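Presented below is the structure to which this report refers.
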Amino acid sequence: MKRIGLLTSGGDCQALNATMRGVVKGLANNVKDLEVYGFMDGYKGLIYSDFRMLTSRDFSGILTRGGTILGTSRQPFKQMRTPDANGLDKVEAMKHTYHKLRLDCLVILGGNGTQKTANLLREEGLNVLHLPKTIDNDIYGTDMTFGFYSAVNIAANTIDCIHTTASSHNRVFIVELMGHRAGWLTLYAGIASGADIILIPEIPYSLEHVIEAVERRRERGSGFTILAVAEGAIPADIAAMSKKEMKKAMAQITEEYPSISYKIAADIQKATGMEIRVTVPGHMQRGGSPCPYDRILSTRLGSECAQLILDEEYGYMVGLDGTEVKKVPLGEVAGKLKNVDPECQEIIDAKRMGISFGD
Ligand code: F6P
């Protein structure tokens, strides 16, 4: 007999359902009795004891379905120790729900913030397992998160579409992609779709160098230029400031422009006189069906998670190391971010291709 709780927390992504299916199928095929409690809308469901009892049938036919059948919400880790509006101790409430239902394990799907709360619950004595989701691919301790390649597909398709219209009109196009703190999505989508300039948070850009790259293409006879810009891209002069000053300078930019891409567009337009457009695919990047890679990754991570539950091994994130699925102690990874290393092979290769990073 196994009793497990499942919850999805934080921003959604494409393969949440596929991963839960992997966990439940992996258990249902290997234990006699299985009870699955699905907590609604992330940690909220665990705090307020809002759950549904699910059967294997609920997980049938959801391998390809985007979003999450459980719903999700953002419950900031920082506020977990702060009582709610009615004075409820959220951590104690979550522990109470867990013990009331006599769960063997809580399986938590989410990104960095979610992982920190999962680790807190582990420290509080609950059996937890974490499965790494995010289109940002910025979770430390796993080479890949599910959702990432599905988002890369959408972002790359967007840039592909922009490419044809940009070349027809001889325009400069900026495609702004998600990623406030990590540039993996922009880097991969940019390379996949032949962007000319890629700007990511990990490599602060000099506007001068960006303009030079645009001009260089014009001099070589390419009338159009495509920039893939992460929403967290940052100018080098601002990146050099103290944290407080940096926040202020970035806030000033977003007071004047909808986002950093519009500021870059205005600056390039002013310097080159070229026609510029900005495209922001936004939450489309998290939507729709998971790509085949993510379906396979999710099935493998879910399957390993089921095995850990069968073996009664708890307190881990199930991640990918190269091509191998591995358990990683939550305490060793929670709170750490996996950023793009500006010296990594992908960047070296991209620069060899002539892609400018504005540095
Ligand atoms: O963490 C995933 C992510 O999609 C980021 O890339 C993006 O910056 C953020 O979530 C958007 O959050 P929200 O859905 O709250 O607008």
Side-chain angles (χ1 to χ4, degrees), residues 7-19 41-44 66-68 70-79 108-118 130-142 144-159 174-190 192 198-203 228-234 247 250-251 253-254 257-263 278-291 294 297-298 317 319 333-340:
L7 68 86
T8 55
S9 171
D12 74 338
C13 74
Q14 290 90 344
L16 286 161
N17 290 326
T19 309
D41 301 331
Y43 286 115
K44 229 194 244 176
T68 160
L70 297 180
T72 186
S73 65
R74 291 195 188 275
Q75 303 294 319
F77 170 72
K78 270 189 192 158
Q79 285 159 29
I108 299 170
L109 288 75
N112 285 295
T114 300
Q115 187 189 57
K116 283 193 260 184
T117 300
H130 170 238
L131 290 159
K133 75 86 226 191
T134 167
I135 65 165
D136 297 337
N137 194 29
D138 60 354
I139 298 183
Y140 190 86
T142 180
M144 196 51 65
T145 58
F146 55 89
F148 175 66
Y149 265 112
S150 302
V152 169
N153 282 353
I154 294 169
N157 280 339
T158 305
I159 302 176
I174 296 181
V175 180
E176 183 179 284
L177 301 174
M178 278 187 164
H180 273 298
R181 294 186 296 170
W184 292 106
L185 176 55
T186 306
L187 175 64
Y188 272 58
I198 296 177
L199 305 182
I200 59 174
E202 293 89 342
I203 306 181
V229 174
E231 58 190 350
I234 182 165
K247 258 192 159 173
M250 290 308 284
I253 292 177
T254 46
Y257 300 95
S259 68
I260 188 71
S261 296
Y262 289 87
K263 158 93 174 118
V278 178
T279 295
V280 185
H283 289 78
M284 273 177 65
Q285 292 163 93
R286 294 210 313 238
S289 185
C291 67
D294 273 339
L297 177 65
S298 292
M317 168 180 77
V333 292
K336 296 184 186 167
L337 201 66
K338 184 186 73 183
N339 277 112
V340 175

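This one's a predicted model, so the numbers in the text were calculated from it and none came from an experiment. Atoms within each ligand, like the ligands themselves, are counted from 1 in listed order.
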State whether the side chain of Glu202 and the backbone N or O of Val340 hold a donor-acceptor pair below 3.5 Å, judged by distance alone. yes
Considering only protein heavy atoms, which is closest to atom 7 (C) of ligand 1, and at what distance to one decimal place? Glu231 OE2, 3.3 Å
Rounded to the nearest 0.5 Å, how far does CG of Asp294 lie from NZ of Lys133? 12.5 Å
Expected output: side-chain Asp138 to main-chain Asn339 donor-acceptor under 3.5 Å: no
Ile159 side, atom CD1; Thr186 side, atom OG1 - distance, nearest 0.5 Å: 8.0 Å
Report the member of His180, Lys133, Arg74 with the shortest heavy-atom distance to atom 10 (O) of ligand 1. Arg74
Could a heavy atom of Gly111 be found less than 4.0 Å from some atom of ligand 1? no
With a heavy-atom distance limit of 4.0 Å, tell me whether Ile135 approaches ligand 1 through its side chain, its backbone, both, or neither. side chain
Contact with ligand 1 for His283, non-hydrogen, under 4.0 angstrom: yes
Can you report which non-hydrogen protein atom sits closest to atom 1 (O) of ligand 1, along with the distance? Asp136 OD2, 2.9 Å
Pairs touching residues 145-154 that satisfy salt bridge (Lys or Arg N to Asp or Glu O under 4.0 Å), sequence neighbours left out: none
Which ligand 1 atoms, with their elements, are less than 4.0 angstrom from a heavy-atom of Arg286? 3 (C), 4 (O), 9 (C), 10 (O), 11 (C), 12 (O), 13 (P), 14 (O)
Donor-acceptor contacts under 3.5 Å from residues 8-17 side chains, at least two apart:
{"unit_1": "Thr8", "atom_1": "OG1", "unit_2": "Thr68", "atom_2": "OG1", "d": "2.9"}
{"unit_1": "Thr8", "atom_1": "OG1", "unit_2": "Gly71", "atom_2": "O", "d": "2.9"}
{"unit_1": "Ser9", "atom_1": "OG", "unit_2": "Thr114", "atom_2": "OG1", "d": "3.2"}
{"unit_1": "Asp12", "atom_1": "OD1", "unit_2": "Arg286", "atom_2": "NE", "d": "2.9"}
{"unit_1": "Gln14", "atom_1": "NE2", "unit_2": "Gln285", "atom_2": "O", "d": "2.7"}
{"unit_1": "Gln14", "atom_1": "NE2", "unit_2": "Gly287", "atom_2": "O", "d": "3.2"}
{"unit_1": "Asn17", "atom_1": "OD1", "unit_2": "Ile69", "atom_2": "N", "d": "2.8"}
{"unit_1": "Asn17", "atom_1": "ND2", "unit_2": "Arg65", "atom_2": "O", "d": "3.1"}
{"unit_1": "Asn17", "atom_1": "ND2", "unit_2": "Gly66", "atom_2": "O", "d": "3.2"}
{"unit_1": "Asn17", "atom_1": "ND2", "unit_2": "Gly67", "atom_2": "O", "d": "3.4"}

